[in-house]
**Student:** 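One structure, pasted below without further comment.
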Amino acid sequence: MEAPKTNVILIGAGRGMRLMPFTKREPKSFTVVTGRRILDWTLDAFRQNGLDRFVYIGGYLIDMVRNGYPEFSMVENSNWANNNILFSLVCARDYMTGGFYSSYTDTLYKSDAVSALMASPHDITMVMDTRWRERYRFRSQHPESDGEKMITSGDNVVQLSRDIPPESASGEFTGVMRMTSQGAARFLEFHDRLYDKYAQDGIYANNHPFRMAYLIHQMELMIQAGIEVHCVNIPGDYHEIDTVEDYHLASDDWSRFA
């Protein structure tokens, strides 16, 4: 019997105010870069690796995604305006238990990033861009201090934080990761312990209430607790599109692949 396909969870609930006016009438993932939506670039990276079972976590203008991609399994983060990436991801917990891939939906990357994840033997693996500072030279609206930076030893992630000095970072987390069923179980168990402790909006990381936590906040706490987190590297061919400036920079560069 053929093994069931692994879910690919796409985190796309937020509005993306810094990308206005592109996000005035469409979700951020619908922004067109060199003739294709960011979302379609993402789907292509996974489909080229035989992964096509997509779960979309929506919020802002979710019906546009439902109508445009009827093949998706949809999960709604109904309180998207008052929470953040970690909360959004865990909305799809029912799709995680057999192992999963996940991705932000405001990023561009190629199929080799997914191929590298597939080849990883580890339970929790994140994709890191090792040439990240080359992009930041041109990003005046999104400084290096905002980057989700990583310090690694071999393929072990030893630190993950925006507070890492840029010159000390091994690279930047691209928002793409994979967990096996064992990794997902550890992730969800750890999340639930945090939730029990901070559910009343207790401050738990960088002065963020729990509902506003980023994914990297939990991942860093897991690393500190001794849970192994690994990485695979890509040397560039990655863009985060957070601002209009990012959009123009990515469009100019990504024309290589149009």
Side-chain angles (χ1 to χ4, degrees), residues 8-12 14-52 54 56 58 60-61 64-65 67-69 71-72 85 101-119 126-150 166 169-178 231-258:
V8 178
I9 300 174
L10 306 170
I11 310 168
R15 180 171 184 173
M17 288 295 295
R18 297 180 74 187
L19 200 56
M20 290 282 281
F22 294 101
T23 56
K24 185 175 182 179
R25 295 184 177 87
E26 291 185 325
K28 193 176 187 182
S29 62
F30 276 37
T31 303
V32 174
V33 177
T34 61
R36 303 178 70 190
R37 292 171 175 168
I38 297 171
L39 181 55
D40 290 328
W41 285 109
T42 301
L43 300 182
D44 188 58
F46 283 96
R47 284 172 173 155
Q48 287 188 33
N49 286 280
L51 296 163
D52 59 3
F54 297 107
Y56 193 98
Y60 176 64
L61 298 178
M64 293 189 72
V65 184
N67 294 335
Y69 298 86
E71 71 273 23
F72 286 177
I85 296 171
Y101 294 81
S102 67
S103 176
Y104 300 164
T105 55
D106 61 352
T107 55
L108 296 170
Y109 50 90
K110 302 296 289 178
S111 62
D112 60 338
V114 180
S115 301
L117 276 182
M118 294 182 77
M126 310 174 80
V127 179
M128 178 176 72
D129 177 15
T130 57
R131 296 177 61 179
W132 70 286
R133 298 192 80 181
E134 295 180 19
R135 286 181 291 104
Y136 274 82
R137 287 183 299 160
F138 306 103
R139 300 179 80 187
S140 63
Q141 298 173 14
H142 190 112
E144 290 181 329
S145 57
D146 287 348
E148 296 189 333
K149 297 178 286 292
M150 307 169 74
S170 306
E172 181 182 29
F173 175 45
T174 63
V176 189
M177 69 177 184
R178 170 179 172 259
C231 70
V232 292
N233 300 336
I234 56 170
D237 286 348
Y238 163 74
H239 285 277
E240 176 189 19
I241 302 177
D242 187 49
T243 67
V244 174
E245 178 185 62
D246 290 339
Y247 166 78
H248 290 296
L249 291 170
S251 296
D252 288 346
D253 180 51
W254 223 245
S255 62
R256 294 179 290 135
F257 306 116

**Student:** Would you sort out whether Arg131 and Tyr238 count as a side chain to side chain contact (heavy atoms under 4.5 Å, CB included), showing the intermediate values?
**Tutor:** CA-CA 9 Å; Arg131 296 177 61 179; Tyr238 163 74; over 6 Å; no
**Student:** Indicate yes or no: does Arg135 engage Asp129 in a salt bridge with an N to O separation below 4.0 Å.
**Tutor:**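 Yes, charged N to carboxylate O under 4.0 Å.
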**Student:** Has Glu245 got a side-chain atom pairing as donor or acceptor with Ser140's backbone, closer than 3.5 angstrom?
**Tutor:**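 Such a contact is found between Glu245 side chain and Ser140 backbone.
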**Student:** Please report the shortest heavy-atom distance between Arg18 and Asp146, naming the atom on each side.
**Tutor:** NH1-OD2, 4.4 Å
**Student:** Could you pull out the closest heavy-atom pair between Glu26 and Tyr60, with the gap in Å?
**Tutor:**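 Heavy atoms of Glu26 and Tyr60 come nearest at O-CE2, 3.7 Å.
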**Student:** In Å, rounded to the nearest 0.5 Å, how long is the span from CG of Leu51 to CZ of Arg178?
**Tutor:** 9.5 Å
**Student:** Would you compute the distance between atom CZ of Phe54 and atom CG of Leu10 and round it to the nearest 0.5 angstrom?
**Tutor:** 6.5 Å
**Student:** Compare all side-chain heavy atoms of Phe72 with those of Leu43 and state whether any distance is below 4.5 angstrom.
**Tutor:**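 Yes, side chains in contact.
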**Student:** Quick check on side chain to side chain contact (heavy atoms under 4.5 Å, CB included): which of Val8, Asn49, Val176 does Tyr101 satisfy it with?
**Tutor:**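 Checked Val8, Asn49, Val176 against Tyr101; only one passes side chain to side chain contact (heavy atoms under 4.5 Å, CB included): Val8.
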**Student:** Could you measure the distance from the CE atom of Met126 to the CZ atom of Phe173? Nearest 0.5 Å is fine.
**Tutor:** 3.5 Å
**Student:** Give, for atom CG of Asp44 and atom CG of Asp52, the distance between the pair rounded to the nearest 0.5 Å.
**Tutor:** 12.0 Å
**Student:** Working to the nearest 0.5 Å, report the span between OG1 of Thr105 and CG of Leu39.
**Tutor:**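 The CG atom of Leu39 is 7.0 Å from OG1 of Thr105, to the nearest 0.5 Å.
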**Student:** Is it the case that the side chains of Arg139 and Tyr136 hold a donor-acceptor pair, with the cut-off being a distance below 3.5 Å and no angle test?
**Tutor:**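 A pair is found: one side chain offers a donor N or O, the other an acceptor, under 3.5 Å apart.
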**Student:** Working to the nearest 0.5 Å, report the span between CZ of Phe22 and OG1 of Thr243.
**Tutor:** 10.0 Å
**Student:** Distance-only check: which donor-acceptor pairs under 3.5 Å involve side-chain atoms of residues 106-113, not counting sequence neighbours?
**Tutor:**
residue: Asp106; atom: OD2; partner: Lys28; partner atom: NZ; Å: 2.9
residue: Tyr109; atom: OH; partner: Ser103; partner atom: OG; Å: 2.7
residue: Ser111; atom: OG; partner: Gln48; partner atom: OE1; Å: 3.2

**Student:** As a quick check of understanding, evaluate side chain to side chain contact (heavy atoms under 4.5 Å, CB included) for Met20 and Arg15, giving each step before the final call.
**Tutor:** CA-CA 9 Å; Met20 290 282 281; Arg15 180 171 184 173; 4.1 Å; yes
**Student:** Which heavy atom in Arg256 sits nearest to a heavy atom in Asp237, and how many Å separate them?
**Tutor:**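 Where Arg256 meets Asp237 most closely, the heavy atoms are NH2-OD1, 2.9 Å.
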**Student:** Can you tell me if Tyr104 uses its side chain to pair, donor with acceptor, with the backbone of Glu240 under 3.5 Å?
**Tutor:** no
**Student:** Side chains of His239 and Asp253: is there a donor and an acceptor less than 3.5 Å apart?
**Tutor:** yes
**Student:** Could you pull out the closest heavy-atom pair between Tyr56 and Ser29, with the gap in Å?
**Tutor:** OH-OG, 2.8 Å
**Student:** Is it the case that the side chain of Asp246 and the backbone of Asp242 share a donor-acceptor pair, with hydrogens and angles ignored and the cut-off at 3.5 Å?
**Tutor:**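 Yes; judged by distance alone, with no hydrogens or angles, the pair exists.
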**Student:** Partners of Arg137 by salt bridge (charged side-chain N to carboxylate O under 4.0 Å, His left out), sequence neighbours excluded?
**Tutor:** none
**Student:** Looking only at heavy atoms, which two atoms of His142 and Gly147 are closest? And how far apart?
**Tutor:** NE2-N, 4.5 Å
**Student:** Can any side-chain N or O of Tyr247 pair as donor or acceptor with the backbone N or O of Val33 at less than 3.5 Å?
**Tutor:**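 No, Tyr247 side chain to Val33 backbone: no donor-acceptor pair under 3.5 Å.
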**Student:** Can you name the closest pair of heavy atoms from Pro27 and Val65 and give their distance?
**Tutor:**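 The pair with the smallest heavy-atom distance is CG-CG2, 3.9 Å.
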